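Just so it is clear: chains get the letters A, B, ... in the order the sequence lines come, proteins before strands, and each one is counted from 1. Nothing here was measured: the structure is a model prediction, and the numbers come from that model.
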Protein chains: 2
Amino acid sequence: MRKAKPNITELECIEENKVRSVLNRMKSESFFHDLAETFSAMSDTTRVKIIYSLCLENELCVRDIAAIIGTSDSAISHQLRTLRNMKLVRYNKVGKMIYYSLDDIHINNLVAEGLRHVDEK
Amino acid sequence: MRKAKPNITELECIEENKVRSVLNRMKSESFFHDLAETFSAMSDTTRVKIIYSLCLENELCVRDIAAIIGTSDSAISHQLRTLRNMKLVRYNKVGKMIYYSLDDIHINNLVAEGLRHVDEK
DNA sequence: CAAACACTTGAACAGTTGTTCATATATTTA
DNA sequence: TAAATATATGAACAACTGTTCAAGTGTTTG
């Protein structure tokens with residue numbers, strides 16, 4: 001016969017103590033959604049090139065980003081919108097030009113840490 | 001008439017000094033591929049939950065990860081393969097059980113930095 | 001004020017991704 | 001050795017993504 005447990009709900013698992021310990025410290029669904037979205041913003045070659053370029057040079061306009069990366073203005077503009085929506089970049093309009101920059105220091109740090117991971121492999 | 005420039009190639013851009021400065025420090029195509037792939041590994045809700053769980057508890061088996069996240073064993077197994085292929089997790093086989101853990105400290109750091117970015121927004 | 005310019009946008013299409021379901025493998029246990 | 005268990009895998013399918021192309025802003029310049 002099964003031993004009685006002091007827990008509220010049943011769990012289909014193997015090491016119940018570990019599982020409960022993690023569940024107690026688990027974050028909300030919306031947290032994981034936002035976190036995944038942040039990484040997702042950096043998960044495309046074009047976008048990560050944009051971000052890396054903005055690490056090297058604080059402010060760049062759309063045409064110059066396109067020139068650096070070697071794609072069409074349109075493709076860059078679409079990707080910049082994604083980065084804007086996901087709060088990874090800010091922009092500053094000056095006449096007909098729009099200067100983009102990274103939104104906060106954590107983006108720089110994420111690139112730096114990702115770089116270390118890649119270098120280690 | 002256009003001024004002669006001391007540069008080797010023509011560039012269709014606006015602030016040529018900035019563009020050249022970035023181009024000189026640009027990384028290789030394969031670097032950006034690897035970097036994007038690393039972020040891509042963390043860009044899905046299920047995978048980022050797996051990674052976060054492994055931040056909280058060093059070693060977890062497949063069934064327990066599935067129990068924590070609340071998905072099928074199969075879905076978790078597929079995602080763990082992705083994480084294995086991208087070198088984000090290691091595993092340790094003990095009998096019929098397989099214990100997964102994060103591959104290097106940079107993964108922990110990436111989660112921590114991503115968390116700070118999300119908290120700031 | 002018309003042309004040129006910097007950038008944005010929407011539709012469309014191919015390519016990629018994540019889950020499910022059924023089945024397979026390997027190990028342990030009865 | 002047969003059944004149970006822990007995990008892996010392949011196919012299939014819907015959902016999502018990134019680019020291109022054509023057309024649209026809004027601003028500057030001749």
Fill in the blank from the handout: Under a 4.0 Å heavy-atom cutoff, the residues of residues 28-61 of chain A touching DNA chain C are A:Cys61
Exercise for the section: Indicate yes or no: at least one non-hydrogen side-chain atom of A:Asn58 is less than 4.5 angstrom from one of A:Ser101. Expected result: no
Practice task
Report which part of the nucleic acid A:Tyr100 touches: base, sugar-phosphate, or nothing (heavy-atom distance under 4.0 Å, all strands).
Solution key: sugar-phosphate
Practice task
Determine, step by step, whether A:Leu35 and A:Lys27 satisfy the side-chain contact (heavy atoms from CB on, under 4.5 Å) criterion, reporting the C-alpha distance in whole Å, the side-chain angles of both residues, the deciding distance to 0.1 Å, and the verdict.
Solution key: CA-CA 11 Å; A:Leu35 191 56; A:Lys27 296 263 191 177; over 6 Å; no
Exercise for the section: Going by the side chain to side chain contact (heavy atoms under 4.5 Å, CB included) test, name the single residue among A:Asn92, A:Leu54, A:Asp64, A:Leu102 that passes it with A:Glu59. Expected result: A:Asn92
Handout entry: Strand-adjacent residues in residues 64-79 of chain B, judged by heavy atoms under 4.0 Å from DNA chain D
Key = B:Asp73, B:Ser74, B:Ser77, B:His78
Practice task
Check whether any side-chain N or O of A:Ser43 sits under 3.5 Å from a backbone N or O of A:Ser40 as a donor-acceptor pair, and report yes or no.
Solution key: yes
Exercise for the section: Look at all strands and tell whether B:Ile14 reaches a base, only sugar-phosphate, or nothing, counting heavy atoms closer than 4.0 Å. Expected result: sugar-phosphate
Fill in the blank from the handout: So the contacted stretch of DNA chain C, first to last nucleotide with an atom under 4.0 Å from a non-hydrogen atom of chain A, runs from C:dC5 to C:dG10
Handout entry: Heavy-atom side-chain contact between B:Met26 and A:Ser53 under 4.5 Å
Key = yes
Handout entry: In one Ile/Leu/Val/Met/Phe/Trp/Tyr side-chain cluster, 4.5 Å: A:Val89, A:Tyr91
Key = yes
Problem - Linked, directly or transitively: B:Tyr99 and B:Leu88 (ILVMFWY side chains, under 4.5 Å) - result: no
Problem - Same apolar cluster: B:Leu23 and B:Ile14, side chain cutoff 4.5 Å - result: no
Fill in the blank from the handout: Quick note, salt bridge (charged side-chain N to carboxylate O under 4.0 Å, His left out) partners involving residues 38-55 of chain B, not counting sequence neighbours, are A:Glu29-B:Lys49
Problem - First encountered from the 5' end of DNA chain D, between A:Thr82 and A:Gly95 - result: A:Thr82
Exercise for the section: Could you note down all residue pairs passing salt bridge (charged side-chain N to carboxylate O under 4.0 Å, His left out) where residues 87-116 of chain B supplies at least one of them, sequence neighbours left out? Expected result: A:Lys121-B:Asp103, A:Lys121-B:Asp104, B:Arg90-B:Asp103, B:Glu113-B:Arg116
Practice task
Report yes if some heavy atom in the side chain of A:Val118 is under 4.5 Å from a heavy atom in the side chain of A:Leu115; otherwise report no.
Solution key: no
Exercise for the section: Give the C-alpha distance, both sets of side-chain angles, the deciding distance and a yes or no for side chain to side chain donor-acceptor pair (under 3.5 Å) between A:Ser21 and A:Arg25. Expected result: CA-CA 7 Å; A:Ser21 157; A:Arg25 287 175 289 161; 2.8 Å; yes
Fill in the blank from the handout: The first and last nucleotides of DNA chain D lying within contact of chain A, meaning any atom under 4.0 Å from one of its heavy atoms, run from D:dA6 to D:dT28
Handout entry: Heavy-atom side-chain contact between B:Val111 and B:Met42 under 4.5 Å
Key = yes
